Amino acid sequence: MKRGDIHDRMVCIAYAEAWRAGCPCSVEVILKRMTGAPAKVITAAMVRACGRGYVDYGVSLRCGWLTDKGRALVA
């Protein structure tokens with residue numbers, strides 16, 4: 001599996017699910033369950049989504065949140 005197989009919308013859905021579940025740092029676990037991709041591919045997809053403005057974060061990308069643009073993509 002490669003980074004291109006994990007679309008930005010999938011990453012945004014994982015962030016939304018993690019926050020809805022009250023565990024914002026579980027994005028990687030959710031993406032692993034959704035795609036079965038290795039950790040480095042999941043991280044690369046998360047970095048890409050952040051670079052495109054769908055996700056923002058403070059200290060750790062793993063505990064990030066959706067931007068307005070990311071919420072619009074999920075909707």
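In this text the structure is predicted, and so the values were computed from the model without any measurement.
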Given the rule in the side chain to side chain contact (heavy atoms under 4.5 Å, CB included) test, do Tyr57 and Cys50 qualify, once you have shown the distances and angles that lead to the verdict? CA-CA 8 Å; Tyr57 65 98; Cys50 182; 3.6 Å; yes

Give the C-alpha distance, both sets of side-chain angles, the deciding distance and a yes or no for side chain to side chain contact (heavy atoms under 4.5 Å, CB included) between Met10 and Thr35. CA-CA 9 Å; Met10 293 169 73; Thr35 65; 3.3 Å; yes

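Checking side-chain atoms of Thr67 against main-chain N and O of Gly70 turns up a donor-acceptor pair under 3.5 Å. A donor-acceptor distance shorter than 3.5 angstrom exists from the side chain of Arg9 to the backbone of Val74, with no hydrogens or angles considered. In this structure a side-chain-to-backbone donor-acceptor pair under 3.5 Å is missing from Arg71 to Cys12.
Contact of the Ile6 side chain with the Met34 side chain is not registered, since no non-hydrogen atoms from C-beta on lie closer than 4.5 Å. Counting only heavy atoms from C-beta outward, the side chains of Ile13 and Glu17 approach each other to under 4.5 Å. By the 4.5 Å heavy-atom criterion applied to side chains, Tyr15 and Val55 are counted as neighbours. With contacts defined as side-chain heavy-atom distances shorter than 4.5 Å, the pair Trp19/Trp65 qualifies. Taking the side chain as every heavy atom from C-beta outward, Ile42 and Lys32 approach each other to under 4.5 Å.
Met1 and Ala37 get closest at one heavy-atom pair: SD-CB, 3.2 Å. Among all heavy-atom pairs drawn from Glu28 and Met46, the shortest one is CG-SD, 3.7 Å.
With rounding to the nearest 0.5 Å, the separation of NZ in Lys69 from CG in Asp8 is 8.5 Å. Atom CZ of residue Arg52 and atom CG of residue Leu73 lie 10.5 Å apart, to the nearest 0.5 angstrom. One distance of note links SG of Cys25 with CG of Leu61; it measures 10.5 Å at 0.5 Å rounding.
Both Val47 and Val27 are members of a single hydrophobic cluster when ILVMFWY side chains are connected at heavy-atom separations under 4.5 Å.
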